[in-house]
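Written out below as C-alpha coordinates is the structure these notes cover.
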Amino acid sequence: PSTYTYNLKSKYSKLNFVFTSFLPGNAGEYLTGSDGNLETATTLGNANTYGIPHIGVELNDHYGDPAFLAKIKDQGLGVILIEGEDVPETPFNVPITVEVKNNDTEENVMSFSLNISLSGVEDMFRHRNFTLSVSNRHVNDDRGDTYGWDKNVGPDNRTGQPDNYPDSETNGKNFVFVHGYNVNGQSARGWQAEMFKRMYWAGSKAKFWGVTWYGWHTQDVLWEGDITLPFTPNYHINVMHAFDTAGHLADYFNNSVAGEKTFAAHSLGNMVVSSALS
(Lines give C-alpha, C1' and ligand atoms only; values in the text may rest on other atoms or scores of the structure.)
Protein backbone atom coordinates (compact mmCIF):
# COMPACT_ATOMS: atom_id res chain seq x y z
CA PRO A 1 0.00 0.00 0.00
CA SER A 2 2.87 2.42 0.54
CA THR A 3 4.14 1.82 -2.99
CA TYR A 4 1.01 1.19 -5.02
CA THR A 5 -2.51 2.58 -5.26
CA TYR A 6 -5.32 0.08 -5.72
CA ASN A 7 -8.37 1.45 -7.55
CA LEU A 8 -11.76 -0.22 -7.89
CA LYS A 9 -13.73 1.11 -10.88
CA SER A 10 -16.66 0.43 -13.19
CA LYS A 11 -18.17 2.18 -16.20
CA TYR A 12 -21.65 1.52 -14.76
CA SER A 13 -22.40 4.09 -12.08
CA LYS A 14 -25.16 2.09 -10.35
CA LEU A 15 -22.93 -0.43 -8.60
CA ASN A 16 -22.40 -0.11 -4.85
CA PHE A 17 -20.27 -2.10 -2.45
CA VAL A 18 -19.79 -2.87 1.23
CA PHE A 19 -16.48 -3.70 2.92
CA THR A 20 -16.43 -6.79 5.14
CA SER A 21 -13.93 -8.84 7.13
CA PHE A 22 -15.13 -12.16 5.70
CA LEU A 23 -12.87 -15.00 4.69
CA PRO A 24 -13.42 -16.03 1.07
CA GLY A 25 -14.63 -19.48 2.13
CA ASN A 26 -17.48 -18.24 4.33
CA ALA A 27 -18.49 -15.01 2.60
CA GLY A 28 -21.96 -16.34 1.75
CA GLU A 29 -22.90 -17.68 5.15
CA TYR A 30 -24.90 -14.59 6.06
CA LEU A 31 -27.39 -15.82 3.42
CA THR A 32 -27.33 -19.55 4.08
CA GLY A 33 -26.14 -20.06 7.63
CA SER A 34 -28.01 -20.74 10.85
CA ASP A 35 -29.67 -18.24 13.18
CA GLY A 36 -26.20 -17.36 14.46
CA ASN A 37 -25.62 -15.40 11.27
CA LEU A 38 -28.73 -13.24 11.66
CA GLU A 39 -26.74 -10.55 13.47
CA THR A 40 -24.18 -10.50 10.65
CA ALA A 41 -26.90 -10.22 8.03
CA THR A 42 -28.60 -7.41 9.94
CA THR A 43 -25.30 -5.55 10.29
CA LEU A 44 -24.66 -5.85 6.56
CA GLY A 45 -28.19 -4.72 5.78
CA ASN A 46 -27.61 -1.53 7.77
CA ALA A 47 -24.03 -0.92 6.60
CA ASN A 48 -22.98 2.05 4.53
CA THR A 49 -22.68 1.35 0.82
CA TYR A 50 -20.27 3.16 -1.46
CA GLY A 51 -20.52 3.73 -5.17
CA ILE A 52 -17.98 2.44 -7.67
CA PRO A 53 -17.31 5.43 -9.94
CA HIS A 54 -15.82 5.20 -13.41
CA ILE A 55 -12.77 7.14 -12.20
CA GLY A 56 -12.24 4.58 -9.45
CA VAL A 57 -12.24 4.49 -5.67
CA GLU A 58 -8.98 3.91 -3.79
CA LEU A 59 -8.96 0.83 -1.59
CA ASN A 60 -5.83 1.99 0.24
CA ASP A 61 -7.72 4.42 2.42
CA HIS A 62 -11.34 3.40 2.20
CA TYR A 63 -13.58 5.65 4.24
CA GLY A 64 -11.90 5.35 7.60
CA ASP A 65 -10.21 1.92 7.54
CA PRO A 66 -6.75 2.24 5.94
CA ALA A 67 -5.91 -1.27 7.19
CA PHE A 68 -8.21 -2.91 4.62
CA LEU A 69 -5.41 -3.96 2.27
CA ALA A 70 -3.26 -5.08 5.19
CA LYS A 71 -6.08 -7.41 6.28
CA ILE A 72 -6.02 -9.02 2.85
CA LYS A 73 -2.25 -9.38 2.84
CA ASP A 74 -1.74 -10.54 6.41
CA GLN A 75 -4.99 -12.30 7.35
CA GLY A 76 -6.66 -13.33 4.10
CA LEU A 77 -9.66 -11.14 4.98
CA GLY A 78 -11.16 -8.40 2.84
CA VAL A 79 -14.18 -9.59 0.84
CA ILE A 80 -16.37 -6.84 -0.58
CA LEU A 81 -20.05 -7.40 -1.39
CA ILE A 82 -21.49 -5.73 -4.48
CA GLU A 83 -25.08 -4.72 -5.23
CA GLY A 84 -26.84 -3.36 -8.29
CA GLU A 85 -28.90 -0.21 -7.85
CA ASP A 86 -31.59 0.74 -10.40
CA VAL A 87 -31.20 -2.60 -12.18
CA PRO A 88 -31.82 -2.41 -15.95
CA GLU A 89 -34.77 -4.21 -17.55
CA THR A 90 -32.49 -6.38 -19.68
CA PRO A 91 -29.14 -7.89 -18.71
CA PHE A 92 -26.38 -5.32 -18.70
CA ASN A 93 -22.85 -6.64 -19.03
CA VAL A 94 -20.26 -4.54 -17.24
CA PRO A 95 -16.93 -5.49 -15.69
CA ILE A 96 -15.63 -4.36 -12.32
CA THR A 97 -11.91 -3.65 -12.59
CA VAL A 98 -9.09 -3.34 -10.10
CA GLU A 99 -6.15 -1.26 -11.33
CA VAL A 100 -2.80 -1.19 -9.53
CA LYS A 101 -0.75 1.97 -10.06
CA ASN A 102 2.80 2.76 -9.03
CA ASN A 103 2.72 5.85 -6.81
CA ASP A 104 6.11 7.09 -7.99
CA THR A 105 5.75 6.66 -11.74
CA GLU A 106 1.93 6.96 -11.99
CA GLU A 107 2.11 3.91 -14.26
CA ASN A 108 -0.54 1.16 -14.21
CA VAL A 109 1.38 -2.02 -13.46
CA MET A 110 -1.56 -4.45 -13.35
CA SER A 111 -5.31 -4.66 -13.86
CA PHE A 112 -7.83 -7.48 -13.64
CA SER A 113 -11.60 -7.60 -14.07
CA LEU A 114 -14.66 -9.45 -12.84
CA ASN A 115 -17.36 -9.76 -15.48
CA ILE A 116 -20.88 -9.06 -14.26
CA SER A 117 -24.24 -9.47 -15.98
CA LEU A 118 -26.68 -7.26 -14.09
CA SER A 119 -30.47 -7.56 -14.32
CA GLY A 120 -33.61 -8.30 -12.32
CA VAL A 121 -34.14 -11.66 -10.63
CA GLU A 122 -36.93 -12.64 -13.04
CA ASP A 123 -34.27 -12.89 -15.75
CA MET A 124 -32.94 -15.93 -13.88
CA PHE A 125 -35.96 -18.26 -13.95
CA ARG A 126 -38.82 -19.46 -16.14
CA HIS A 127 -42.48 -18.54 -15.75
CA ARG A 128 -45.71 -20.13 -17.00
CA ASN A 129 -48.95 -18.17 -16.62
CA PHE A 130 -52.19 -20.20 -16.73
CA THR A 131 -54.48 -17.36 -15.65
CA LEU A 132 -56.13 -16.75 -19.01
CA SER A 133 -56.53 -20.47 -19.61
CA VAL A 134 -59.39 -20.55 -17.11
CA SER A 135 -60.37 -16.94 -16.35
CA ASN A 136 -61.97 -16.40 -19.76
CA ARG A 137 -64.39 -19.20 -18.90
CA HIS A 138 -65.67 -17.42 -15.80
CA VAL A 139 -67.26 -13.99 -15.73
CA ASN A 140 -66.22 -11.99 -12.68
CA ASP A 141 -69.01 -11.48 -10.20
CA ASP A 142 -70.39 -8.04 -9.35
CA ARG A 143 -67.56 -7.29 -6.96
CA GLY A 144 -64.99 -7.46 -9.72
CA ASP A 145 -61.31 -7.41 -8.93
CA THR A 146 -60.66 -4.11 -7.21
CA TYR A 147 -56.94 -4.20 -7.94
CA GLY A 148 -57.65 -4.02 -11.66
CA TRP A 149 -57.76 -7.06 -13.90
CA ASP A 150 -55.00 -6.14 -16.37
CA LYS A 151 -52.45 -5.45 -13.66
CA ASN A 152 -53.07 -8.72 -11.91
CA VAL A 153 -52.99 -11.18 -14.75
CA GLY A 154 -49.25 -11.24 -14.16
CA PRO A 155 -46.35 -11.26 -16.60
CA ASP A 156 -46.29 -13.13 -19.88
CA ASN A 157 -44.80 -16.59 -20.21
CA ARG A 158 -41.04 -16.95 -20.06
CA THR A 159 -40.45 -20.53 -21.12
CA GLY A 160 -37.10 -20.28 -22.90
CA GLN A 161 -33.63 -20.13 -21.45
CA PRO A 162 -33.50 -17.26 -18.91
CA ASP A 163 -31.54 -14.25 -20.11
CA ASN A 164 -29.29 -14.14 -17.06
CA TYR A 165 -29.08 -17.81 -15.97
CA PRO A 166 -28.09 -20.09 -18.86
CA ASP A 167 -29.16 -23.73 -18.79
CA SER A 168 -25.50 -24.73 -18.88
CA GLU A 169 -25.34 -23.58 -15.25
CA THR A 170 -28.12 -26.03 -14.22
CA ASN A 171 -28.30 -29.79 -13.76
CA GLY A 172 -31.07 -30.15 -16.37
CA LYS A 173 -33.79 -30.94 -13.82
CA ASN A 174 -36.89 -28.77 -13.22
CA PHE A 175 -38.25 -27.34 -9.97
CA VAL A 176 -41.80 -25.98 -10.31
CA PHE A 177 -43.40 -23.74 -7.69
CA VAL A 178 -47.18 -23.13 -7.60
CA HIS A 179 -48.56 -20.36 -5.36
CA GLY A 180 -51.77 -20.57 -3.34
CA TYR A 181 -55.14 -18.85 -2.87
CA ASN A 182 -55.56 -15.05 -2.65
CA VAL A 183 -52.37 -14.40 -4.67
CA ASN A 184 -52.90 -12.23 -7.75
CA GLY A 185 -50.59 -12.08 -10.72
CA GLN A 186 -48.54 -9.20 -9.33
CA SER A 187 -48.16 -10.81 -5.91
CA ALA A 188 -47.22 -14.09 -7.58
CA ARG A 189 -44.11 -12.37 -8.94
CA GLY A 190 -42.98 -11.70 -5.37
CA TRP A 191 -43.67 -15.28 -4.28
CA GLN A 192 -41.75 -16.69 -7.25
CA ALA A 193 -38.76 -14.36 -6.86
CA GLU A 194 -38.53 -15.17 -3.16
CA MET A 195 -38.79 -18.92 -3.69
CA PHE A 196 -36.22 -18.86 -6.50
CA LYS A 197 -33.72 -16.98 -4.35
CA ARG A 198 -34.22 -19.33 -1.40
CA MET A 199 -33.75 -22.41 -3.59
CA TYR A 200 -30.73 -20.85 -5.30
CA TRP A 201 -28.95 -20.01 -2.05
CA ALA A 202 -29.87 -23.42 -0.64
CA GLY A 203 -27.78 -24.91 -3.46
CA SER A 204 -30.43 -26.01 -5.97
CA LYS A 205 -29.10 -26.33 -9.52
CA ALA A 206 -32.48 -27.13 -11.08
CA LYS A 207 -34.21 -24.93 -13.65
CA PHE A 208 -36.74 -22.97 -11.60
CA TRP A 209 -40.30 -22.45 -12.88
CA GLY A 210 -42.82 -20.08 -11.32
CA VAL A 211 -46.47 -20.91 -12.08
CA THR A 212 -49.22 -18.27 -11.94
CA TRP A 213 -52.87 -19.36 -11.86
CA TYR A 214 -56.25 -17.68 -11.25
CA GLY A 215 -56.65 -18.15 -7.51
CA TRP A 216 -57.80 -14.62 -6.56
CA HIS A 217 -61.29 -14.36 -8.11
CA THR A 218 -63.34 -11.78 -6.06
CA GLN A 219 -60.22 -10.28 -4.51
CA ASP A 220 -60.70 -6.91 -2.82
CA VAL A 221 -58.67 -4.88 -0.36
CA LEU A 222 -59.07 -3.93 3.28
CA TRP A 223 -57.48 -0.77 4.58
CA GLU A 224 -55.59 -0.81 7.86
CA GLY A 225 -54.24 2.71 8.24
CA ASP A 226 -52.09 3.29 5.19
CA ILE A 227 -51.70 -0.45 4.53
CA THR A 228 -53.83 -2.34 2.03
CA LEU A 229 -54.53 -5.99 2.79
CA PRO A 230 -55.88 -8.16 -0.04
CA PHE A 231 -58.68 -10.57 0.79
CA THR A 232 -60.70 -12.89 -1.44
CA PRO A 233 -64.06 -13.79 0.14
CA ASN A 234 -65.26 -16.40 -2.39
CA TYR A 235 -62.91 -19.25 -1.65
CA HIS A 236 -64.88 -21.95 -3.41
CA ILE A 237 -64.94 -20.36 -6.84
CA ASN A 238 -61.14 -20.39 -6.66
CA VAL A 239 -61.24 -24.09 -5.80
CA MET A 240 -63.06 -24.49 -9.13
CA HIS A 241 -60.29 -22.54 -10.81
CA ALA A 242 -57.71 -24.81 -9.19
CA PHE A 243 -59.36 -27.90 -10.70
CA ASP A 244 -59.74 -26.15 -14.05
CA THR A 245 -56.06 -25.16 -14.05
CA ALA A 246 -54.85 -28.66 -13.24
CA GLY A 247 -55.45 -30.07 -16.72
CA HIS A 248 -53.55 -27.22 -18.34
CA LEU A 249 -50.67 -27.66 -15.90
CA ALA A 250 -50.45 -31.40 -16.55
CA ASP A 251 -50.70 -31.01 -20.32
CA TYR A 252 -47.98 -28.38 -20.47
CA PHE A 253 -45.41 -30.01 -18.22
CA ASN A 254 -46.06 -33.49 -19.65
CA ASN A 255 -45.73 -32.45 -23.27
CA SER A 256 -43.62 -29.30 -23.41
CA VAL A 257 -41.00 -29.64 -20.67
CA ALA A 258 -38.24 -32.24 -20.82
CA GLY A 259 -36.30 -33.62 -17.90
CA GLU A 260 -37.09 -34.60 -14.34
CA LYS A 261 -39.76 -32.45 -12.70
CA THR A 262 -40.32 -31.72 -9.03
CA PHE A 263 -43.40 -29.73 -7.95
CA ALA A 264 -43.82 -27.71 -4.77
CA ALA A 265 -46.99 -25.83 -3.91
CA HIS A 266 -48.43 -23.63 -1.19
CA SER A 267 -51.96 -23.84 0.19
CA LEU A 268 -54.60 -24.16 -2.55
CA GLY A 269 -51.81 -24.59 -5.07
CA ASN A 270 -51.63 -28.15 -3.76
CA MET A 271 -55.11 -28.70 -5.19
CA VAL A 272 -53.80 -27.64 -8.60
CA VAL A 273 -50.82 -29.98 -8.38
CA SER A 274 -52.65 -32.95 -6.82
CA SER A 275 -55.38 -32.81 -9.43
CA ALA A 276 -52.76 -32.49 -12.17
CA LEU A 277 -51.01 -35.60 -10.86
CA SER A 278 -54.32 -37.48 -10.81
Side-chain angles (χ1 to χ4, degrees), residues 87 89-90 119-160 162-164 174-200 207-253 256-257 262-277:
V87 177
E89 292 184 3
T90 57
S119 66
V121 68
E122 288 174 306
D123 284 329
M124 296 184 73
F125 63 87
R126 288 167 163 85
H127 173 250
R128 187 64 171 84
N129 195 332
F130 293 102
T131 301
L132 297 180
S133 300
V134 300
S135 62
N136 288 338
R137 298 169 53 194
H138 300 274
V139 178
N140 286 352
D141 65 10
D142 292 336
R143 296 179 62 86
D145 287 320
T146 302
Y147 278 166
W149 171 253
D150 291 338
K151 175 181 177 182
N152 289 286
V153 170
D156 293 334
N157 297 322
R158 302 188 307 275
T159 58
D163 289 337
N164 213 25
N174 300 275
F175 182 89
V176 185
F177 174 72
V178 183
H179 66 75
Y181 161 71
N182 192 29
V183 177
N184 62 52
Q186 178 70 2
S187 298
R189 298 176 64 194
W191 272 90
Q192 292 157 11
E194 178 75 9
M195 293 301 295
F196 166 77
K197 287 186 281 187
R198 287 177 181 246
M199 293 299 295
Y200 180 90
K207 303 172 187 176
F208 185 95
W209 292 78
V211 168
T212 301
W213 64 282
Y214 190 31
W216 71 92
H217 194 167
T218 72
Q219 189 176 77
D220 206 334
V221 292
L222 291 172
W223 288 88
E224 184 173 298
D226 294 331
I227 301 174
T228 58
L229 304 173
F231 77 106
T232 305
N234 192 337
Y235 175 77
H236 294 91
I237 195 170
N238 291 288
V239 174
M240 293 170 56
H241 296 336
F243 281 115
D244 285 341
T245 302
H248 298 282
L249 182 79
D251 179 68
Y252 181 76
F253 282 97
S256 300
V257 179
T262 298
F263 288 80
H266 173 248
S267 188
L268 190 57
N270 285 283
M271 189 72 76
V272 179
V273 174
S274 297
S275 182
L277 291 172

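Throughout, numbering of the chain's residues begins at 1 and tracks the sequence.
- Here the closest heavy-atom approach between residue A193 and residue V121 is recorded as CB-CG1, 3.7 Å.
- Between the OG atom of S256 and the CZ atom of R128 there is a distance of 7.5 Å, given to the nearest 0.5 Å.
- Counted within 6.0 Å of OH on Y252, heavy atoms from surrounding residues, nucleotides or ligands total more than 12; the atom is thus considered enclosed.
- Taking the side chain as every heavy atom from C-beta outward, W191 and H266 approach each other to under 4.5 Å.
- Closest heavy-atom contact between G185 and P155: O-CD, 4.1 Å.
- Between Y214 and D244 there is no side-chain heavy-atom pair separated by less than 4.5 Å.
- Counting only heavy atoms from C-beta outward, the side chains of Y181 and T232 approach each other to under 4.5 Å.
- The structure places NE2 of H248 at 12.0 Å from CG of N129, a figure rounded to the nearest 0.5 Å.
- Considering every non-hydrogen atom in both W213 and H179, the closest pair reads NE1-O, 2.8 Å.
- Checked against side chain to side chain contact (heavy atoms under 4.5 Å, CB included), A250 has the following partners two or more places apart in sequence or in another chain: N254, A276.
- Between P230 and N182 there is a side-chain heavy-atom pair separated by less than 4.5 Å.
- Taking the side chain to side chain contact (heavy atoms under 4.5 Å, CB included) definition, one finds that D163 meets it with P91, D123, sequence neighbours left out.
- Contact between A265 and V273 at its shortest, heavy atoms only, is CB-CG2, 3.9 Å.
- Remark: side-chain polar atoms of R158 are paired, donor with acceptor, to backbone N or O of E122 under 3.5 angstrom.
- The shortest non-hydrogen separation linking A188 to V183 is N-CG1, 3.5 Å.
- In this structure, the ring pair (Phe, Tyr, Trp, His ring centres under 6.0 Å) partners of F253, at least two apart in sequence or on a different chain, are W209, F263.
- Side-chain contact check for T212 versus Q192: some heavy-atom pair is nearer than 4.5 Å.
- With sequence neighbours left out, the side chain to side chain donor-acceptor pair (under 3.5 Å) criterion links N164 to S117, S119.
- What you find for T131 and V153 is that their closest heavy atoms are OG1-O, 3.6 Å.
- Counting heavy atoms from C-beta outward, H217 and N234 have side chains that stay 4.5 Å or more apart.
- Partners of F208 under the ring pair (Phe, Tyr, Trp, His ring centres under 6.0 Å) rule, at least two apart in sequence or in another chain, are F125, F175, F196.
- In this structure, F243 has no ring pair (Phe, Tyr, Trp, His ring centres under 6.0 Å) partners at least two apart in sequence or on a different chain.
- Of the possible polar contacts, one joining the N238 side chain to the W216 backbone as a donor-acceptor pair under 3.5 Å is found.
- One N or O on the side chain of T245 and one on the backbone of H241 form a donor-acceptor pair closer than 3.5 Å.
- Side-chain atoms of T228 and W223, non-hydrogen and from C-beta on, do get closer than 4.5 Å to each other.
- For the pair R126 (side chain) and T159 (backbone), a donor-acceptor distance under 3.5 Å is present.
- Rounding to the nearest 0.5 angstrom, the gap separating the CG atom in N157 from the NE2 atom in H127 is 7.0 Å.
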